[in-house]
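The chains referred to below are lettered A, B, ... by the order of the sequence lines, with proteins before strands, and numbering in each begins at 1. No experiment lies behind these values; they were computed from the predicted model shown.
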Amino acid sequence: MKPAAIWRTAFLGALVALLEVLCLTGRIDKLTMQPPHQIIIDLLRMLSAGTLNLAILKTLANSFLAFGLAMVTGTAAALVLHRLRAVRDALDPLFATYYAIPVFAFYPLLIILFGLGDTPEIFIGFMLAVVAVIVSVLSGIDRIPRVLLKTARVHQLSTWETARRVTLPCIAPYILTGAKLALAYALIGVIGAEFIMSSSGMGYEISFAYMNFDNATMYPLILLIVLASVGINMVLGRWERLLMVRRGLA
Amino acid sequence: MSPAGRPQVSLRQVEKVFTPPGRKGASVQALGPLDLELFNGEFFAVVGPSGCGKTTLLELVAGLSVATSGDVEFEGRPIAGKILQGVGVVFQEDASFPWLTVTDNIGFGLGKLRLSAEERRDRVESALAMMGLTAFAHSYPAQLSGGMRQRVCIARTLVMQPRLILLDEPFGALDQQTRLLMGDELLNLWRKTGATVFLITHALDEAAMLADRIGVMSARPGCIIDVVETGWPKDRDSRIVQEDRFGTITARLWRSLRAESMRAIGYQGVKA
Ligand SMILES: Nc1ncnc2c1ncn2[C@@H]1O[C@H](COP(=O)(O)OP(=O)(O)OP(=O)(O)O)[C@@H](O)[C@H]1O
Ligand SMILES: [Mg+2]
């Protein structure tokens with residue numbers, strides 16, 4: 001491990017230890033939060049009991065669906081936008097201000113449009129994630145060395161072959177950067193939507209537990225979300241790093 | 001070798017003018033009017049001051065861009081911005097694909113030629129050997145030096161067995177000794193493949209040593225102001241730099257180029 005990573009791990013470990021001490025000494029009372037070790041025990045018990053597995057599965061599946069849709073649509077949109085200079089120039093400022101808009105404010109409208117159920121939740125996750133993908137993929141395409149595209153032309157590749165064999169592999173690190181953001185946004189969108197108006201999923205279960213002072217359910221669920229998102233993010237980050245190292249960029 | 005028969009490539013009264021998009025700013029006449037003929041199997045070098053339009057000329061012949069006026073033909077067919085089979089290009093910049101290994105880079109274009117897997121492997125392996133890259137077959141370009149990456153690009157062009165090879169200052173990134181050796185390698189490969197070689201270089205000695213004929217370009221807009229026939233035997237190598245004729249050729253090139261080079265950099269000159 002690099003020194004920076006050691007410091008980071010130590011810092012996080014110290015925070016958890018501090019929390020543990022504060023809880024055990026009663027500075028943080030039991031009604032507010034249990035000590036971290038108890039959260040882990042509760043999480044394991046919750047998972048093995050299996051009562052919430054369906055909710056967990058539903059949320060993760062919807063988040064992945066939103067994420068996957070955002071990746072495919074966002075990448076395709078970026079490839080097309082890059083070719084349509086005028087459209088891109090028109091949309092660029094909108095992308096820049098996009099995240100200033102609280103998409104959740106439109107949630108009631110989405111329910112009117114799509115009805116209750118999974119669709120508006122997935123849609124919000126997708127809407128939050130897709131622009132991050134478009135923006136990173138576009139910045140990747142802008143940086144493709146022209147000589148590589150000329151090489152594709154000399155080898156008589158069609159537009160489609162050029163996209164598949166040159167453009168996409170060339171921008172792979174940027175796609176992964178977009179993927180890391182998109183994953184976080186998809187989770188925020190789906191879980192947030194479940195919080196507001198839903199009768200299932202992890203977001204709903206967390207808010208339900210909160211209303212009932214059920215800390216033994218609420219904190220383990222929060223921990224699970226954190227673990228899932230950090231875990232996947234780390235895998236994507238590793239992959240991104242591998243590509244960068246291979247290209248001598250890291 | 002004296003040119004005979006029908007030219008493989010011919011340019012007639014070719015001009016290239018770059019017009020900025022939206023017509024803002026002045027347009028730049030990069031080339032011409034220029035006439036040029038390349039004959040089957042010859043080694044033709046082009047020298048010229050920097051910015052005179054050498055790369056522009058190469059891209060016209062490659063079919064990567066279209067002449068503003070005039071005709072460009074390859075084997076009797078108009079090129080006009082269409083890339084034709086049988087033409088290989090090695091660019092001035094590093095064009096290796098950083099996400100592919102050396103082997104995959106070299107084999108990049110082979111999928112398009114319906115070859116057996118065996119034939120494909122043979123071609124890649126012999127190109128690796130010829131370019132001295134066998135030990136690096138599984139390396140990525142980032143692990144290679146600039147000169148080695150350029151060799152990867154040359155190998156990628158060679159495996160396609162083009163009838164016309166266009167090279168844009170391929171040895172620009174190399175030191176003088178390696179340049180001489182790569183020059184020998186290029187001569188070998190030219191003899192072995194029988195392809196026509198069109199080499200752009202800014203090094204007069206390189207042109208004098210390698211080519212059958214050397215076209216000298218004027219400052220922008222580039223025109224061919226002199227064509228020098230070297231008269232070297234086909235089995236020459238870098239040792240000809242010791243010969244008197246080599247000095248004579250280089251001197252003649254410099255005589256044609258000196259004024260143009262000064263013009264290209266806006267140099268007023270010292271009083272003679
Ligand atoms: N796409 C372009 N748009 C506008 N001007 C261009 C373009 N490409 C080249 N030029 C101009 O045309 C002229 C010739 O450029 P070119 O690249 O062909 O020169 P060169 O002889 O290859 O130079 P060097 O020796 O530096 O490689 C230059 O003045 C350049 O600024
Ligand atoms: Mg050039």
Side-chain angles (χ1 to χ4, degrees), chain A residues 75 79 81-90 92 136-137 139-179 236 238-250, chain B residues 21-22 55 58-59 61-66 79 81-102 104-113 138-146 149-150 152-154 156-157 159-160 162 164-170:
Chain A
T75 306
L79 289 171
L81 276 178
H82 182 76
R83 305 197 118 224
L84 306 175
R85 189 74 232 181
V87 181
R88 181 182 171 180
D89 287 345
D92 255 342
S136 353
V137 172
S139 83
I141 300 177
D142 289 339
R143 286 172 178 75
I144 299 176
R146 291 169 60 92
V147 72
L148 298 188
L149 296 173
K150 282 185 198 164
T151 304
R153 284 180 61 199
V154 168
H155 286 90
Q156 306 188 301
L157 300 195
S158 65
T159 308
W160 166 243
E161 287 170 319
T162 304
R164 189 174 60 81
R165 299 191 60 200
V166 180
T167 311
L168 287 175
C170 191
I171 63 174
Y174 292 87
I175 297 182
L176 284 173
T177 310
L236 292 174
R238 278 281 160 83
W239 189 3
E240 187 186 15
R241 233 192 107 66
L242 177 78
L243 294 188
M244 301 293 266
V245 167
R246 187 174 285 172
R247 293 171 196 206
L249 297 173
Chain B
T55 300
L58 176 132
E59 295 203 345
V61 176
L64 284 166
S65 71
V66 189
I79 296 181
K82 219 166 84 244
I83 286 105
L84 299 174
Q85 202 106 48
V87 181
V89 185
V90 178
F91 294 100
Q92 194 168 5
E93 307 93 338
D94 172 22
S96 59
F97 296 116
W99 60 90
L100 295 179
T101 61
V102 167
D104 291 341
N105 257 292
I106 295 175
F108 182 81
L110 289 179
K112 281 243 147 187
L113 315 175
H138 303 294
S139 306
Y140 286 92
Q143 298 164 274
L144 309 180
S145 70
R149 266 179 256 167
Q150 197 55 281
V152 172
C153 296
I154 296 175
R156 183 175 62 198
T157 301
V159 293
M160 303 300 285
L164 170 65
I165 306 176
L166 310 172
L167 301 118
D168 196 351
E169 302 196 18

Can you say whether the rings of B:F97 and B:F108 are parallel (under 30°), tilted (30 to 60°) or perpendicular (over 60°)? tilted

Under 3.5 Å, side chain of A:R153 to main-chain N/O of A:L149, donor-acceptor pair present? no

Proximal to chain B - members of residues 166-178 of chain A, heavy-atom separation under 4.5 Å: A:V166, A:P169, A:C170

Non-hydrogen atoms of chain A under 4.5 Å away: do they reach the side chain of B:S139, the backbone, both or neither? neither

Against chain B, label A:R165 side chain, backbone, both or neither, depending on which of its atoms sit under 4.5 Å from a heavy atom there. both

Does B:S96 use its side chain to pair, donor to acceptor, with the backbone of B:C153 at less than 3.5 Å? no

B:G63 and B:I83 have their tightest heavy-atom pair at O-CD1, 3.7 Å

Under the side-chain hydrogen bond (donor to acceptor under 3.5 Å, both in side chains) test, residues paired with B:R149 that sit two or more places apart: B:D94

Contacts of B:D168 meeting salt bridge (Lys or Arg N to Asp or Glu O under 4.0 Å) (sequence neighbours excluded), chain-then-number -> none

What part of B:A62 lies closer than 4.5 angstrom to a heavy atom of chain A: side chain, backbone, both or neither? neither

Straight-line distance of A:R164 CZ to A:T159 OG1, nearest 0.5 Å: 13.0 Å

Quick check on B:L84 against chain A: is it the side chain, the backbone, both or neither that has a heavy atom closer than 4.5 Å? backbone

Would you please name every residue forming a side-chain hydrogen bond (donor to acceptor under 3.5 Å, both in side chains) with A:Q156, sequence neighbours left out? B:Q85

